[in-house]
Amino acid sequence: IVNLYSNNDIHNTNTPKPLKEISNLTTATSHVKFNHDSQILGISSFDLENQLRLVHLPSATVFSNFPAVNEPLNHVTDFDFSPHSGFLAVGSRSGRVLLYRLNYYEAA
(Lines give C-alpha, C1' and ligand atoms only; values in the text may rest on other atoms or scores of the structure.)
Protein backbone atom coordinates (compact mmCIF):
# COMPACT_ATOMS: atom_id res chain seq x y z
CA ILE A 1 0.00 0.00 0.00
CA VAL A 2 1.20 3.49 -0.88
CA ASN A 3 -0.39 6.46 0.87
CA LEU A 4 -0.61 9.93 -0.67
CA TYR A 5 -0.54 12.89 1.72
CA SER A 6 -1.08 16.62 1.44
CA ASN A 7 2.16 18.57 1.84
CA ASN A 8 0.42 20.95 4.27
CA ASP A 9 -0.84 18.10 6.43
CA ILE A 10 2.62 16.56 6.70
CA HIS A 11 4.14 19.82 7.93
CA ASN A 12 1.27 21.02 10.12
CA THR A 13 0.11 17.95 12.01
CA ASN A 14 1.68 15.05 13.86
CA THR A 15 -0.82 12.54 12.52
CA PRO A 16 -1.58 13.36 8.88
CA LYS A 17 -4.40 11.50 7.20
CA PRO A 18 -3.82 10.10 3.70
CA LEU A 19 -5.58 11.82 0.81
CA LYS A 20 -5.60 8.51 -1.03
CA GLU A 21 -4.51 4.95 -0.38
CA ILE A 22 -3.13 3.17 -3.45
CA SER A 23 -3.66 -0.56 -3.04
CA ASN A 24 -3.37 -1.73 -6.65
CA LEU A 25 -0.25 -3.80 -5.96
CA THR A 26 -0.95 -7.07 -4.21
CA THR A 27 2.50 -7.45 -2.61
CA ALA A 28 5.03 -5.22 -0.84
CA THR A 29 6.17 -2.14 -2.75
CA SER A 30 9.80 -2.38 -3.94
CA HIS A 31 10.27 0.89 -5.89
CA VAL A 32 8.60 4.29 -5.85
CA LYS A 33 9.61 7.02 -8.32
CA PHE A 34 8.23 10.36 -9.48
CA ASN A 35 8.53 11.63 -13.03
CA HIS A 36 10.26 14.98 -13.67
CA ASP A 37 7.26 17.21 -12.90
CA SER A 38 5.76 15.00 -10.17
CA GLN A 39 2.55 14.41 -12.09
CA ILE A 40 3.15 10.66 -12.31
CA LEU A 41 4.18 8.33 -9.52
CA GLY A 42 5.43 4.88 -10.49
CA ILE A 43 5.18 2.05 -7.95
CA SER A 44 6.36 -1.51 -8.41
CA SER A 45 6.81 -4.79 -6.55
CA PHE A 46 9.36 -7.46 -7.36
CA ASP A 47 7.43 -10.27 -5.65
CA LEU A 48 4.95 -11.06 -8.43
CA GLU A 49 4.89 -10.62 -12.19
CA ASN A 50 3.40 -7.51 -13.81
CA GLN A 51 3.44 -5.48 -10.60
CA LEU A 52 3.97 -1.94 -11.92
CA ARG A 53 1.42 0.84 -11.65
CA LEU A 54 1.44 4.48 -12.67
CA VAL A 55 -0.50 6.99 -10.58
CA HIS A 56 -1.68 10.36 -11.90
CA LEU A 57 -1.05 12.50 -8.83
CA PRO A 58 -3.24 15.56 -9.57
CA SER A 59 -6.29 13.28 -9.70
CA ALA A 60 -4.87 10.55 -7.40
CA THR A 61 -5.97 7.84 -9.82
CA VAL A 62 -4.14 4.80 -11.13
CA PHE A 63 -3.84 4.57 -14.91
CA SER A 64 -6.11 1.67 -15.83
CA ASN A 65 -4.49 1.14 -19.25
CA PHE A 66 -0.98 0.45 -17.94
CA PRO A 67 0.40 -2.11 -18.12
CA ALA A 68 -1.65 -3.61 -20.92
CA VAL A 69 -3.20 -6.97 -20.11
CA ASN A 70 -1.20 -8.73 -22.84
CA GLU A 71 2.13 -7.06 -21.91
CA PRO A 72 4.23 -9.46 -19.83
CA LEU A 73 6.44 -7.31 -17.61
CA ASN A 74 7.77 -10.33 -15.71
CA HIS A 75 9.21 -9.46 -12.28
CA VAL A 76 10.01 -5.73 -12.40
CA THR A 77 13.50 -5.12 -11.02
CA ASP A 78 13.61 -1.38 -11.71
CA PHE A 79 12.02 1.38 -13.77
CA ASP A 80 12.74 5.01 -14.49
CA PHE A 81 11.43 7.97 -16.43
CA SER A 82 13.53 9.83 -19.02
CA PRO A 83 14.57 13.38 -18.03
CA HIS A 84 11.44 14.99 -19.52
CA SER A 85 9.18 11.94 -19.00
CA GLY A 86 8.74 11.17 -22.68
CA PHE A 87 9.82 7.59 -22.03
CA LEU A 88 9.51 4.99 -19.31
CA ALA A 89 12.08 2.16 -19.14
CA VAL A 90 11.16 -1.02 -17.26
CA GLY A 91 13.74 -3.68 -16.41
CA SER A 92 12.78 -7.21 -15.44
CA ARG A 93 14.31 -10.30 -13.91
CA SER A 94 14.18 -11.96 -17.33
CA GLY A 95 16.91 -9.54 -18.48
CA ARG A 96 14.62 -7.53 -20.76
CA VAL A 97 14.24 -3.77 -20.71
CA LEU A 98 10.98 -2.48 -22.12
CA LEU A 99 10.77 1.11 -23.34
CA TYR A 100 7.39 2.84 -23.36
CA ARG A 101 6.61 6.19 -25.00
CA LEU A 102 4.50 8.45 -22.77
CA ASN A 103 2.71 10.45 -25.45
CA TYR A 104 1.46 13.16 -23.10
CA TYR A 105 5.02 14.50 -22.83
CA GLU A 106 6.31 15.94 -26.10
CA ALA A 107 10.00 16.08 -25.16
CA ALA A 108 11.79 12.85 -24.46
Side-chain angles (χ1 to χ4, degrees):
I1 294 178
V2 174
N3 290 323
L4 301 178
Y5 294 92
S6 163
N7 194 29
N8 288 337
D9 286 351
I10 290 173
H11 293 290
N12 297 327
T13 182
N14 292 332
T15 56
K17 301 228 185 288
L19 293 174
K20 176 82 173 191
E21 184 178 277
I22 308 294
S23 57
N24 292 69
L25 297 180
T26 57
T27 58
T29 302
S30 304
H31 294 92
V32 177
K33 293 185 183 175
F34 292 92
N35 75 324
H36 84 283
D37 62 2
S38 298
Q39 286 194 50
I40 300 175
L41 173 68
I43 56 176
S44 70
S45 176
F46 181 75
D47 296 336
L48 290 176
E49 292 185 349
N50 302 325
Q51 294 292 295
L52 174 63
R53 300 295 181 267
L54 299 178
V55 182
H56 181 250
L57 290 176
S59 65
T61 57
V62 176
F63 287 94
S64 61
N65 62 344
F66 186 86
V69 176
N70 60 350
E71 183 65 53
L73 296 179
N74 201 299
H75 292 264
V76 175
T77 56
D78 204 359
F79 67 92
D80 210 350
F81 298 94
S82 64
H84 297 287
S85 303
F87 292 96
L88 171 67
V90 181
S92 70
R93 185 170 66 179
S94 67
R96 294 185 339 159
V97 176
L98 302 172
L99 187 63
Y100 295 94
R101 177 74 172 103
L102 303 179
N103 291 324
Y104 176 79
Y105 296 96
E106 292 179 16

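In this view, N50 satisfies the side chain to side chain donor-acceptor pair (under 3.5 Å) rule with no residue, not counting sequence neighbours. In this structure S6 satisfies the side chain to side chain donor-acceptor pair (under 3.5 Å) test with no other residue, sequence neighbours excluded. Listed by chain and number, the residues in a salt bridge (charged side-chain N to carboxylate O under 4.0 Å, His left out) with D78 are K33 (sequence neighbours excluded). When the ring-ring contact (aromatic ring centres under 6.0 Å, His included) test is applied to F79, no partner is found at least two apart in sequence or on another chain. Qualifying side chain to side chain donor-acceptor pair (under 3.5 Å) partners for S94, counting only residues two or more places apart in sequence or in other chains: S92. For S45, the side-chain contact (heavy atoms from CB on, under 4.5 Å) partners two or more places apart in sequence, or in a different chain, are L25, T27, S30, D47, Q51.
In this structure the side chain of N35 reaches within 4.5 angstrom of the side chain of D37, judged on heavy atoms. In this structure, the side chains of L88 and L99 stay at 4.5 Å or more apart for every pair of heavy atoms. At least one side-chain heavy atom of F63 sits under 4.5 Å from a side-chain heavy atom of N65.
Residue pairs meeting the salt bridge (charged side-chain N to carboxylate O under 4.0 Å, His left out) criterion with at least one member in residues 79-91, sequence neighbours excluded, do not occur. Legend: side-chain hydrogen bond (donor to acceptor under 3.5 Å, both in side chains) pairs involving residues 52-62, not counting sequence neighbours, sorted by first then second residue: H56-S59, S59-T61. Identified under the salt bridge (charged side-chain N to carboxylate O under 4.0 Å, His left out) test for residues 55-74, with sequence neighbours left out: none. Residue pairs meeting the ring pair (Phe, Tyr, Trp, His ring centres under 6.0 Å) criterion with at least one partner in residues 27-49, sequence neighbours excluded, are H36-H84, H36-Y105, F46-H75.
Paired with L41 under the rule side-chain contact (heavy atoms from CB on, under 4.5 Å), one option of V62, V55, L54 passes, and it is V55.
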Under 3.5 Å, which donor-acceptor pairs link side chains of residues 10-22 to any protein atom two or more places apart or in another chain?
residue: H11; atom: NE2; partner: N7; partner atom: OD1; Å: 3.1
residue: N12; atom: ND2; partner: N8; partner atom: O; Å: 3.1
residue: T13; atom: OG1; partner: T15; partner atom: N; Å: 3.4

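Hydrophobic side-chain contacts under 4.5 Å tie L48 to no other Ile, Leu, Val, Met, Phe, Trp or Tyr residue.
Contact detail for S23 and I1: the closest heavy-atom pair is CB-CG1, 4.2 Å.
Checked by atom type and distance alone, the side chain of S82 pairs as donor or acceptor with a backbone atom of F87 at under 3.5 Å.
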